[in-house]
Amino acid sequence: MADATLIGIDIGTGAIKAVLMDLDGNPLATFARPYPTARPRPGHVEQDARDWMKGVLAALDGFAKANDLGGLVGIGLSSQVNTHVFVDGKAEPLLPAMVWQDGRCGEDAAALDARVTAEQKTAWFGGPMPIDASHALARIAHVARLRPDLYARTRHVLLPKDFCALKLTGSVATDPIAAVGLVNGDLAYVDELLDLVPGARERLPPLADFTHRVGTVRSGWPCAGAPVFVGAMDAWAGMFGVGVTRQHDAMYLSGTSEVLGVLSQDRVPTPGVIVFPTYKGITLHVAPTQSGGASLAWLSTLLGRDLDELSMLVAGTPPSPSVPVFLPHLQGERAPLWDLSSRGVFARVDAGTGPGQLSRSVMEGVALSARLAFEATERSAGFTAERLNIGGGGARSDTWCQIRADAFGKVMRRVRVLDAGTLGAAIIAGLGAGAMPSLEAAVDRLVTFERDFEPSPRMRGYYDAKFGKYQDLYADLKPFNAGFETAPSDDA
């Protein structure tokens with residue numbers, strides 16, 4: 001009989017990633033396939049949901065052809081969140097999916113946010129969480145207003161993982177944590193909020209546990225008959241994948257964006273921070289930025305050099321006052337600023353600025369944006385962390401990890417398996433299938449660490465000063481950026 005195996009699939013912002021692993025956490029096969037993101041006009045960021053499914057099926061087909069999957073106990077899913085696809089009764093997309101970076105719904109978000117008080121938000125969500133352009137209700141209101149014909153045909157508004165589960169199994173569900181800004185502390189939809197947009201409630205999928213079995217893979221498809229579990233949003237799956245499950249654990253997930261989080265049962269309402277409902281004994285305070293790895297990818301394209309080359313350039317470029325200050329607000333900024341109108345900038349560029357200085361500036365700017373976000377989560381959690389577990393593709397560079405440690409003044413503990421979302425999704429599959437006794441036991445068994453990056457005391461003054469300049473730069477440019485059109489609102 002084949003050994004027991006798990007599959008974890010992460011539908012990320014830039015690619016599908018998947019892992020086939022045994023119950024000891026040993027990867028037996030991996031898969032990655034990028035897909036395009038379209039930016040057809042300012043503020044619009046779109047993906048074709050069918051590309052997600054092509055990647056999922058390719059991963060399952062590749063695993064099935066090259067491995068004995070007779071012992072496959074389950075498939076777990078993870079995905080980017082606040083990316084939404086509107087589908088009809090046959091689960092066919094009616095519009096390109098709106099990616100979380102998409103800002104076209106800012107007008108509708110502001111109108112909804114103005115109708116909800118800070119006291120209501122705190123009662124529902126544990127803190128004054130904003131309704132921004134990526135909020136599901138803002139997306140629903142936008143489509144309902146501008147495309148009532150398509151809204152009438154909409155059966156479900158789905159996240160990528162839930163769309164793929166529906167396609168794989170014919171059944172639909174989501175988990176309450178991925179329904180960001182829609183559920184209360186009782187893990188139920190906030191009807192008072194959803195009532196602000198007629199028809200929103202019936203278009204959202206039913207809520208179920210991470211480990212709920214949505215169904216089994218359809219007959220005739222690769223891995224047919226295998227159980228498919230609801231899974232979790234990228235931040236939570238990634239949290240499990242970097243070994244963060246206990247009170248006062250802290251995480252740094254580095255991908256297209258940077259996601260900073262602290263676990264704490266205490267709640268200190270803090271503007272700009274998302275506090276999830278307590279789930280499985282876990283209360284996560286989280287702050288996602290807008291552009292982390294995306295900033296370095298942008299520079300890579302601009303300079304015509306790959307990411308490894310940029311990392312080598314930075315390693316050979318010492319920190320100094322001549323390194324420009326970079327705001328990584330290429331598509332606005334999320335936590336803790338939630339400012340759609342802000343834009344990226346290099347400040348204090350001179351004739352001596354070259355590729356090395358620009359590359360270091362981007363790495364430093366992303367680290368400083370993450371520090372700003374993380375300090376907000378610490379205030380929200382009422383706890384100051386000394387160490388963060390770090391994972392994700394952006395943690396691959398030793399140089400960048402050291403910059404983060406120095407910028408934060410904290411230890412960065414890097415996991416061995418960097419694709420934390422796929423590992424977390426596989427852990428959820430193992431729990432759903434009953435192959436693992438508990439979340440803590442699964443994480444302790446499957447998550448291992450590769451090295452610690454210690455902050456250098458001699459760099460403290462440099463980064464503290466630069467952090468102050470970073471905040472000053474944003475404040476100085478805020479009124480300038482606010483004077484520009486952020487995104488059109490006349491097209492769904």
Given the rule in the side chain to side chain contact (heavy atoms under 4.5 Å, CB included) test, do Phe31 and Lys17 qualify, once you have shown the distances and angles that lead to the verdict? CA-CA 6 Å; Phe31 174 91; Lys17 296 181 180 180; over 6 Å; no
Taking only residues two or more places apart in sequence, or in another chain, which ones meet Tyr189 in a ring-ring contact (aromatic ring centres under 6.0 Å, His included)?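 None.
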Can you name the residues that form a ring-ring contact (aromatic ring centres under 6.0 Å, His included) with Phe210, not counting sequence neighbours?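 Counting only residues at least two positions away or on another chain, Phe210 forms a ring-ring contact (aromatic ring centres under 6.0 Å, His included) with Trp236, Tyr279.
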With sequence neighbours excluded, tell me which residues meet salt bridge (Lys or Arg N to Asp or Glu O under 4.0 Å) with [X].
X	result
Arg33	none
Arg371	Glu375, Asp464
Asp162	none
Glu364	Arg360, Lys466

salt_bridge([X], [Y]) N-O dist < 4.0 Å:
X	Y	result
Arg145	Asp108	yes
Asp113	Lys121	yes
Arg413	Glu454	no

With no hydrogens and no angle check, just 3.5 Å: does a side-chain donor-acceptor pair link [X] and [Y]?
X	Y	answer
Thr83	Gln80	yes
Gln47	Trp52	yes
Gln120	Glu192	yes
His84	Arg139	yes
Arg404	Ser254	yes
Tyr462	Asp406	no

For [X] and [Y], work out which heavy atoms get closest and say how close.
X	Y	answer
Val417	Leu423	CB-CD2, 4.3 Å
Val415	Gly391	CG2-CA, 3.9 Å
Pro128	Pro269	CD-CB, 4.0 Å
Ala237	Gly421	CB-O, 3.8 Å

Are the side chain of [X] and the backbone of [Y] linked by a donor-acceptor contact shorter than 3.5 Å?
X	Y	value
Thr353	Asp350	yes
Asp249	Arg246	yes
Asp102	Val45	yes

Could you pull out every donor-acceptor pair under 3.5 Å between side chains of residues 317-325 and any protein atom, sequence neighbours left out?
| residue | atom | partner | partner atom | Å |
| --- | --- | --- | --- | --- |
| Thr317 | OG1 | Leu313 | O | 2.7 |
| Ser320 | OG | Ser322 | N | 3.2 |
| Ser320 | OG | Ser322 | OG | 2.6 |

According to side chain to side chain donor-acceptor pair (under 3.5 Å), who are the partners of [X], at least two apart in sequence or on a separate chain?
X	value
Asp191	none
Gln265	Thr283
Asp175	Lys161

As an exercise, state the distance from [atom1] of [X] to [atom2] of [Y], rounded to the nearest 0.5 Å.
X	Y	atom1	atom2	answer
Leu95	Asp48	CG	CG	11.5 Å
Thr422	Leu77	OG1	CG	12.0 Å
Gln471	Leu337	CD	CG	9.0 Å
Ser264	Phe383	OG	CZ	8.0 Å
Ser78	Phe240	OG	CZ	10.0 Å

Should the heavy atoms of other residues, nucleotides or ligands under 6.0 Å from NZ of Lys54 be counted, would the total exceed 12?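 Counting other residues, nucleotides and ligands, NZ of Lys54 stays at 12 neighbours or fewer.
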So which pairs with a foot in residues 291-326 pass ring pair (Phe, Tyr, Trp, His ring centres under 6.0 Å), sequence neighbours left out?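 Only Phe326-Phe346 qualify under ring pair (Phe, Tyr, Trp, His ring centres under 6.0 Å).
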So which pairs with a foot in residues 391-423 pass ring pair (Phe, Tyr, Trp, His ring centres under 6.0 Å), sequence neighbours left out?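 Sorted result for residues 391-423: Tyr252-Phe408, Phe374-Phe408.
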Criterion side-chain hydrogen bond (donor to acceptor under 3.5 Å, both in side chains) against Arg334, the qualifying member of His329, Gln290, Gln101, Glu258: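 Answer after filtering His329, Gln290, Gln101, Glu258: Gln290.
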Between [X] and [Y], is any pair of side-chain heavy atoms under 4.5 Å apart?
X	Y	answer
Leu204	Leu182	yes
Leu388	Leu260	yes
Leu194	Leu137	yes
Val116	Trp124	yes

Checking salt bridge (charged side-chain N to carboxylate O under 4.0 Å, His left out) for the pair Arg451/Asp398: CA distance, chi angles, key distance, verdict? CA-CA 10 Å; Arg451 64 172 288 188; Asp398 289 357; 3.5 Å; yes
Using side chain to side chain contact (heavy atoms under 4.5 Å, CB included), reason through Val259 and Val286 one step at a time and then give a plain yes or no. CA-CA 7 Å; Val259 180; Val286 71; 3.4 Å; yes
Carefully, step by step, assess Trp338 and Ile131 under the rule side chain to side chain contact (heavy atoms under 4.5 Å, CB included). CA-CA 10 Å; Trp338 299 101; Ile131 298 175; over 6 Å; no
Does Arg147 count as lying over the ring of Tyr151, i.e. NZ or CZ under 6.0 Å from the six-ring centre, within 45 degrees of the axis?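 Not flagged: Arg147 not positioned over aromatic ring of Tyr151.
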Criterion side chain to side chain contact (heavy atoms under 4.5 Å, CB included) on Met53 and Phe163, from CA distance to verdict: CA-CA 9 Å; Met53 270 308 297; Phe163 171 79; 3.9 Å; yes
